[in-house]
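Below you'll find the structure, written out as structure tokens, and then a few comments.
Residue numbers begin at 1 in each chain, while the letters A, B, ... track the order of the sequences.
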Amino acid sequence: MATIFYIIAAISVISALFVVSAKNPVNSVIALIVCFLSIAGHYILLNAQFLAMVHIIVYTGAIMVLFLFVIMLLNLNRASEPMKTLGTRVAAVLSGGLLFLTLVAAIRNGVGISPANDFDPGIGLVRSVGMSLFNEFLLPFEVSSVLFLSAMVGVVLLAKKEGSARASTVEGSAALTEKEL
Amino acid sequence: MSALVLLSVLGVLLLYAGLFGKRTLLAPLGIIGLLATMVVIRSGWMMNVPLVGAMVRFDHFGSVFGQALTLITVLLFIFGIDYYSRVRENVAEQYALIIFSLVGAVLLISYSNLLVLFLGIEILSIPLYILAGGKRDSFRSGEAAFKYFLQGSFASGFFLMGIALLYGSTASLDLATIQASAASASGSSHMLYLLGLFFTIAGLAFKVAAVPFHFWSPDVYEGAPTLVTAYMSTVVKTAAFAAFHRLIAGMELPGAIQTMLVVMTLLTLFLGNIVALRQTQFKRLLAYSGIAHSGFLLLAFLGSDPGAPGVLFYYSITYSLATLGLFVVLTLAKRAANGDENIRIFRGLYRSSPWLAIVTMLLLLSLAGIPLTAGFVAKYQVFLLGIEGGYILTTAFAVAMALVGVYYYVLVIREAFTPREQAPELVVSRLNWLVISFCGLAVVVLGLVPELLRF
Amino acid sequence: MVGQDVLVLLVPALPLLGAVLIGTLRKRLSAGLAGGLATTFLAGAFACSVALFLSEHTELGGRTLRLFDWIHVEGMMIPFAFRIDALSLTMMLLVTGVGTLIHLYSIGYMHADGRASTFFAQLNLFCFAMLLLVMGSNLLITFIGWEGVGLCSYLLIGFWYTNPDYNYAARKAFVINRIGDVGMVLAMALLFQQFGTLEYATIAEQAGSLLTGNHLVVLATLLLFVGAMGKSAQLPLFTWLPDAMAGPTPVSALIHAATMVTAGIFLVVRSSVLFELAPVTQDVILAVGTATALLAASIGLFQNDIKKVLAYSTVSQLGYMFAALGMGAYDAAMFHVVTHAFFKALLFLGAGSVIHALGGEQDIRRMGGLRGSIRITYITFLIGTLAISGLPLLSGFFSKDLILAHAYQYSPVVFALLLGGALLTTFYMFRLFFLVFHGSYRGGAHPHESPATMTIPLIILAVLSVVGGVLNVPHLLGGHEAMKHYLSTAAPALGASSLHLAAAVEWTLMGITTALVIATVALTYRRFAIAPTLDGDSSSMPMPKRLLAERWRIDEFYAWAFERPFGWLSTQFHAVGEQRVMIPLMVGFGAITLRLGGLVRRIQTGNASFHLLAMLAGIIIFLLITLLSN
Amino acid sequence: MEQDIITSIRVIPMEHYLMLSFLLFSIGVAGVVFRRNTIIILMCLELMFNSVNLLLTAFSAYHSDPRAQVFVFFIMLVAAAEVTVGLAILVMMKRNVDSVDVNQLNRLKW
Amino acid sequence: MALLALLLIPLLTAMVLLVATPTRYARGIALFSSLVSLALTLWLWSNYQGIPVQALDVEWATAWGLRFTLGYDGVGLLMLLLTALVYPFIIGAGYGERLQHPSMINALLLFTQSFVMGVFTAQNLLLFYIFYELALLPVFFLLLYWGGERRRAITVRFFMYTLLGGLSLLFGAVYCLVQVEGFNGDLSALATLDLPYDTQVWLFWVLFLAFAIKLPIFPFHGWQPDTYTTAPVQGTMVLSAVMLKMGLYGTMRIVFPAVPLGVEHWRDTVIALSLVGAIYAAIIAFRQSDLRRLIAYSSLSHVGVLCAGLFTCNRLGMTGSLYQAFAHAVLAIGMLYISGALKERVGSSEMAAMGGLKARVPRLAVLFMLVLVNAIGLPFTQSFVGEWLMFAGLWQVNAWLSLAAVSTIVLGAIYMLYAYQRVMLGTDKWEIEMNDVSLRDHLVLVPLVTLTFVLGVHPRPILDLVEGPVQVLLTSFPTLN
């Protein structure tokens with residue numbers, strides 16, 4: 001079992017690295033998808049099937065598609081990015097690495113979290129998650145609709161062409177946001 | 001809760017009003033709705049009962065801040081009537097977005113669960129990202145929006161990491177539980193807790209534009225439409241500070257975090273004031289002065305004194321009123337000087353419209369903290385807290401920085417009162433005049449009778 | 001007794017009244033009228049003084065007339081009070097008497113001047129101040145007069161204000177006097193701390209308990225003497241007096257010969273009790289006095305300005321008085337003060353008359369042979385000259401001889417020095433006299449005798465100079481030192497000094513002095529009366545003589561040593577101290593902060609990903625702080 | 001099946017999950033900081049969020065507490081909304097300056 | 001109540017002037033109000049029994065140590081008297097001809113009066129500070145609007161520099177309020193703080209800095225000459241005649257009781273500094289070519305002696321210093337007025353441009369001389385009384401300090417007489433016709449001169465006034481006396 005974990009972990013890290021380093025946006029999108037899939041694998045390993053599903057649908061299904069969509073739309077699909085000055089790159093990599101090291105150093109001598117003994121294998125299932133979502137997390141769930149509403153309106157505001165009729169775009173963008181979910 | 005519902009509905013209503021092109025209805029509708037919200041909050045309906053699953057708690061703190069925030073937003077809307085009269089389209093959306101982000105603000109001042117805190121921040125921010133880019137044809141506006149978005153999401157990434165770690169160490173998302181376990185947290189899991197707290201605070205520090213997480217604020221303030229900037233520097237800042245305070249009020253912070261906060265305070269005080277000295281663009285100047293004031297506010301709850309929330313409230317509200325008034329004046333002056341934002345545009349203000357100049361002076365003096373204005377009382381209380389908390393040298397530094405701060409405000413006053421041949425012809429709509437005068441008077445009255453704003 | 005008090009009050013009040021009256025009405029009053037008023041006021045004062053002199057029972061040691069509390073603080077009580085005793089009465093008589101004469105004289109002298117009324121107002125004011133000085137019952141009242149006369153002297157020296165040199169002279173006089181005053185103020189502060197009062201009487205009582213040489217008393221007396229130096233033009237503060245001749249001649253006569261300059265002597269006599277306790281100070285006074293006497297006399301030898309010669313002779317005579325004080329012969333000093341007042345006033349007025357006669361000419365090289373044209377002046381001037389040279393039976397003889405006798409008794413060396421000084425005096429005075437009145441006239445004007453208002457005072461003063469000696473005839477000549485006895489009631493020290501020389505010795509001293517003086521007169525007669533040898537420009541003289549003619553270059557030295565550096569300092573302090581240090585110091589903070597702002601501002605590069613990087617760096621640093629400090 | 005999962009959780013110490021998510025997080029951060037292509041920056045942001053998600057899930061499994069998973073769910077929602085807005089801004093930016101290079105945005109400074 | 005009236009009369013008059021700008025009658029109205037407050041103050045004086053008066057005590061924000069407490073003792077009354085006395089002259093001195101908006105300048109002057117009165121009557125530390133800062137604002141505008149050249153820079157410089165002191169005072173006040181249990185900011189309670197020695201040693205400077213700058217004493221005077229020169233005559237009058245006294249008063253009322261040990265510790269330093277400044281300024285004044293600047297430096301010199309006198313911490317010195325404060329106010333008004341009068345006639349305050357004026361304006365010359373006599377402290381003028389007391393006091397501290405102080409009378413004579421010569425004396429070289437003293441000149445100068453001599457001959461009233469408070473102060477320096 002453990003071996004599976006390490007394999008998936010390796011995959012996700014490598015793909016993540018690729019995302020960061022790929023010249024061509026399209027490639028890094030692909031890499032990112034791979035990464036997300038591996039993470040979904042982790043979810044399954046952790047017995048969070050519901051999350052795994054949602055994860056795959058939302059990210060790989062919607063967000064990544066949206067990314068590709070935009071890339072194609074603005075045809076950015078070539079390695080058009082002039083690299084930054086060496087200094088910044090080194091600085092960035094260093095600081096990233098440094099961050100990692102500090103964090104690891106912080107937890108070097110364990111965090112003392114061992115699995116709960118009365119482990120309920122059912123927590124990751126739709127039922128338990130749903131229960132807690134619609135009981136104690138009802139309010140956030142409702143409120144989050146405001147989030148989406150504003151996101152929708154925002155997209156209308158920002159992304160639409162100048163001076164086009166209002167109504168149509170509202171629906172258009174609404175549709176767009178529907179697709180995201 | 002009721003406030004949340006009201007506001008959300010209000011937002012939607014505004015959207016529809018916009019959809020059916022009832023432009024003139026928008027602001028009045030919004031104002032009425034906001035006033036209604038205020039009343040509801042004031043009446044304290046469902047006060048102090050933990051709502052479904054202890055997600056939010058409308059305690060005294062929440063309701064007081066809630067009223068203040070809605071009030072300021074009302075003022076903003078009044079200002080907006082004139083402000084948006086020149087914008088062709090999407091007015092409704094902008095109003096709606098402001099309302100939506102106000103929902104986030106309300107969550108921030110009343111959350112009792114980290115999830116709500118997170119949601120609140122996001123609901124507060126996402127509309128702002130958009131509003132910052134409100135002037136779609138303007139490059140600066142776009143740049144502001146993007147920078148804000150980029151740094152914002154970056155910060156919330158860390159913030160999330162913080163929450164995750166907190167959860168990891170306490171196995172709970174409930175604020176009370178987490179605060180409680182501040183003391184008990186020890187040993188190796190202590191580390192997680194510390195890291196979590198650290199990242200969470202960093203995330204909030206970003207919202208209140210504390211150095212070194214301030215980079216977004218000057219750029220965004222300058223680039224965003226003035227009304228939005230006003231909104232950001234008043235409601236958002238206040239809400240963020242409220243949230244910040246809510247997070248760390250109940251617990252005695254670990255020494256490490258304590259030092260971090262002190263250093264952060266010093267840096268914020270220093271950078272904000274020092275850099276503001278060299279600003280010639282008024283909006284940018286206000287941005288840096290805003291950073292400086294964040295420094296003072298941070299000083300207020302360094303010593304986690306029981307009196308802190310009162311001071312925090314008084315300070316942030318008076319500060320908001322002063323800044324709001326100044327932004328309105330700026331808008332008018334800017335129009336008169338067709339688009340220039342340099343402080344030179346204030347020159348000769350006293351000649352052309354004495355009352356405006358005097359109010360401007362009052363507002364600036366209040367920001368500078370000269371006696372008999374609210375700003376003085378606020379700063380004074382902060383110094384009291386600082387010394388009571390035993391941060392004598394830090395307070396001394398703050399005092400010195402307050403002096404530095406006076407300089408750039410005085411420069412503006414000097415401009416306003418320096419005679420000039422062709423004084424700027426400001427056209428002041430009645431409503432704007434109302435808003436400005438209200439702010440000016442409020443600043444003086446609150447300075448004379450601080451009890452009015454008793455927490 | 002009330003009448004007495006009124007009289008006492010009137011003495012200073014009348015001149016003050018005159019000053020205020022004339023001062024306020026000066027626009028309406030004519031020169032003559034103003035002069036008349038001033039003279040009458042002062043004459044009134046004189047009358048009061050005489051009345052007091054006759055009626056006061058000074059033998060009881062005098063009394064204090066207390067008017068009101070002037071400065072009254074817990075622990076410091078300075079009443080405004082007058083002390084009426086022999087000393088003050090003498091001085092009052094002197095001031096008012098000589099003052100009246102000089103006022104009278106001025107009527108004639110100033111009749112032509114447009115601002116005569118101002119002049120008289122100031123003159124009266126001076127008399128008022130001088131009277132305060134001599135009547136004050138404590139040091140602070142004396143100090144009022146002290147400064148008052150200083151101010152008046154300043155005003156009167158610079159009376160003709162359009163001439164910058166005169167203004168300079170006036171300022172110089174005032175400032176140098178002020179330097180003396182520093183000493184005086186400190187002395188008062190010290191005495192106050194010491195005795196808790198400034199009343200002469202009280203101090204005198206308490207001083208009895210102190211033993212001789214008490215270093216605080218020494219310090220106090222030294223400081224007092226510094227004050228006296230300034231007022232009485234003693235070395236090294238004497239340079240102002242010759243310059244003070246810039247003022248109208250009556251001023252020179254009244255202020256710079258008869259009264260004000262003797263204030264120093266008065267002060268020392270007043271506080272004789274203290275000086276008696278401080279032998280050190282007395283030696284200092286003696287040394288300074290003798291030195292001044294000789295130096296001034298030596299300078300007097302070759303001056304060509306008639307008033308300058310008289311000025312230096314005044315300085316030298318003052319030197320004599322201080323020498324006397326230094327030897328503890330207060331009576332002699334006072335006696336000389338009186339006689340000197342007579343004949344020096346006479347001389348100055350005479351000089352004034354000469355100048356008046358020649359229409360403003362002051363250079364004796366352009367005079368000569370005036371004895372024919374202005375007789376009265378000639379005769380009176382001759383008397384004055386004889387008196388100052390100390391020819392027997394004239395007032396000067398008695399006073400100077402007394403001092404010399406004391407000197408001999410003190411030490412032959414001092415005697416020799418002072419005798420030398422006396423001879424020098426004789427020399428330059430007769431040089432002056434002969435050059436002015438004998439030989440043939442070398443000028444271009446048409447000399448004419450002065451009006452009666454001027455000649456009458458001359459005559460009166462001449463008489464006084466002749467008979468003044470009777471005030472204090474020594475036992476040797478059958479007298480019984482009346483003045484000494486009179487004064488001794490004021491303070492024991494005044495009577496203390498006693499000559500116990502054998503009669504023969506005294507006779508020989510007198511003989512020697514007289515003989516030498518006459519010889520000197522003969523010498524001068526040969527050199528200046530028959531065939532006057534005139535000095536040209538000083539630069540053409542042989543060295544020692546030139547040095548004398550150029551007044552030892554002391555003025556130049558002071559200018560070089562004090563005035564120029566002071567000006568330089570003033571400029572530098574402003575240019576460097578203020579402009580380069582103080583103001584930059586203040587602006588500096590702001591400037592630095594602004595500069596700092598300019599630098600820090602740079603980190604806001606506006607590059608989004610740099611900002612991210614910066615934030616990240618911040619986070620990491622804080623993280624490290626947190627972890628390490630944990 | 002369940003047993004396997006339980007055992008897997010037993011055998012894999014929490015620290016490893018922590019390290020993994022930290023690593024992903026750092027990679028994301030580094031990417032955000034040093035890429036210039038806005039699109040990729042957005043992706044890196046997503047990466048950061050996901051590392052957090054992973055961590056939370058792990059915690060929830062170890063604390064056997066479903067709430068964290070709900071939290072993850074919310075994070076996903078927010079991330080979706082955020083990315084939408086981000087892309088919209090990006091589109092607008094592309095329209096203003098015909099580029100998606102971060103360095104183009106440097107008018108506002110000092 | 002009378003005190004409240006003292007504060008309100010000028011304040012309300014100023015408001016009225018600001019709102020209904022009665023350009024023509026502005027000065028008249030202002031003059032009237034100032035005369036009323038003068039009368040009121042005199043009335044207060046006549047009913048003063050020599051015991052401190054607590055007039056008014058109203059809750060304000062007691063929570064953090066602010067009460068609206070008004071009152072006065074002898075010194076406060078002296079200061080009130082001084083303020084009320086000089087203001088009619090200051091307002092009367094206005095050369096309204098050249099100034100635009102006379103109503104505004106008068107309003108600003110009245111504002112300063114009200115706030116300064118507040119400073120002198122406040123019995124609460126914070127209230128004191130509030131008035132102290134408020135008094136700054138009107139001056140700021142006086143300078144900004146009616147100042148001479150380079151006024152924009154100098155104004156801000158002055159404002160910032162003075163505020164530096166103010167804030168440090170605030171910090172000190174906060175420190176006291178927090179650190180000392182049960183200290184409610186009441187000035188009378190200051191004496192009971194008894195902070196530890198080493199705290200007092202540093203707190204002394206924190207508190208004193210404000211007043212050292214306000215006075216100003218030697219190293220803190222950077223702002224003063226420029227400001228005095230640039231400000232309008234009336235502004236300079238306010239600064240030197242009244243505001244300067246705030247420094248003195250504050251030192252006496254706050255620093256001495258609050259940190260007596262600190263005062264003892266720093267006494268000699270401060271005295272030395274002040275005297276160095278006094279001499280330094282006097283020397284500088286000698287070569288100044290601008291009359292206003294010369295007056296500025298002379299004032300600096302006088303203040304040096306003043307401060308030294310205060311810090312003797314013995315009865316004579318403090319009494320003298322307080323008395324001298326009064327004298328200096330009268331003197332400053334006179335001097336500045338004359339400089340203004342001359343400027344009006346000659347068109348500049350450059351002394352090089354003057355000279356020989358005595359022939360043209362003999363009466364003015366006389367008045368100048370009479371004022372000047374006070375400046376160089378001749379007997380029978382106020383200054384002499386004050387200076388003599390201070391010298392005597394200083395002597396008891398240290399003979400050398402006393403020598404330094406006394407030497408200023410020589411320097412004073414030097415520069416003053418030189419100035420007088422340059423202005424008045426010399427040959428009359430004026431073609432233009434200029435009129436001698438006008439009625440207004442008489443109305444301003446004659447009373448001042450009279451006052452100078454009356455109080456010089458009969459200083460009792462003032463001296464009695466300050467006796468009690470000085471006695472009280474002395475008790476806070478047991479080891480020194």
Side chain from CB out, backbone as N, CA, C, O: work out which of these in L20(D) comes under 4.5 Å of a heavy atom of chain A, or both, or neither. side chain
Quick check for you: among L51(A), I107(A), V93(A), L73(A), which has the greatest number of heavy-atom pairs under 4.5 Å with chain D? L51(A)
Tested for side chain to side chain contact (heavy atoms under 4.5 Å, CB included) against Y43(A), the lone hit among H55(A), M53(A), Q49(A) is H55(A)
Using heavy-atom distances under 4.5 Å, tell me whether L42(D) contacts chain A through its side chain, its backbone, both, or neither. both
If one checks every heavy atom of F141(A) against chain D at 4.5 Å, the contacting part turns out to be both
Is D65(D) in contact with chain A via its backbone, its side chain, both, or neither, using a 4.5 Å heavy-atom distance? backbone
Per-residue tally against chain D (heavy atom, under 4.5 Å) across L94(A), L157(A), V29(A) peaks at V29(A)
Side chain, backbone, both or neither: which part of F25(D) has a heavy atom under 4.5 Å from chain A? side chain
Let's test your reading of the structure: which of L54(D), V78(D), I89(D) forms the most heavy-atom pairs below 4.5 Å with chain A? L54(D)
Heavy atoms of I44(A) and A52(A) approach each other most closely as CG1-CB, 3.8 Å
Non-hydrogen side-chain atoms of Y59(A) and I39(A) separated by less than 4.5 Å: no
Minimum heavy-atom distance I56(A)-A40(A), with the two atoms named: CG1-CB, 3.8 Å
Intermediate values then yes/no, side-chain contact (heavy atoms from CB on, under 4.5 Å), F49(D) and V52(D): CA-CA 5 Å; F49(D) 289 148; V52(D) 175; 5.5 Å; no
Below 4.5 Å from any heavy atom of chain D, which atoms of L32(A) appear? Answer side chain, backbone, both or neither. side chain
Relative to chain D, which segment of S144(A) carries a heavy atom at a distance below 4.5 Å: side chain, backbone, both, or neither? side chain
We want to know whether Y6(A) and H16(D) form a side-chain donor-acceptor pair, criterion being a heavy-atom distance below 3.5 angstrom. yes
Non-hydrogen atoms of chain A under 4.5 Å away: do they reach the side chain of F22(D), the backbone, both or neither? both
Highest number of heavy-atom pairs under 4.5 Å with chain A: which of V91(D), L90(D), N50(D)? N50(D)
With a 4.5 angstrom heavy-atom cut-off, which part of I39(D) approaches chain A: side chain, backbone, both or neither? both
Which region of S150(A), side chain (C-beta onward) or backbone (N, CA, C, O), has a non-hydrogen atom less than 4.5 Å from a non-hydrogen atom of chain D, or is it both or neither? neither
Is there a side-chain contact (heavy atoms from CB on, under 4.5 Å) between L87(D) and F69(A) once you walk through the steps? CA-CA 10 Å; L87(D) 285 168; F69(A) 188 82; over 6 Å; no
Indicate yes or no: at least one non-hydrogen side-chain atom of L18(D) is less than 4.5 angstrom from one of F59(D). yes
Counting heavy-atom pairs under 4.5 Å to chain D, which of C35(A), A16(A), S21(A) comes out on top? A16(A)
Heaviest contributor of heavy-atom pairs below 4.5 Å to chain A, chosen from M14(D), M76(D), E82(D), is M76(D)
Please answer whether the main-chain N or O of M92(D) pairs with a side-chain N or O of R95(D) as donor and acceptor at a distance below 3.5 Å. no
Might you point out which heavy atoms bring P25(A) and M43(D) nearest each other, and give the distance in Å? O-CE, 3.8 Å
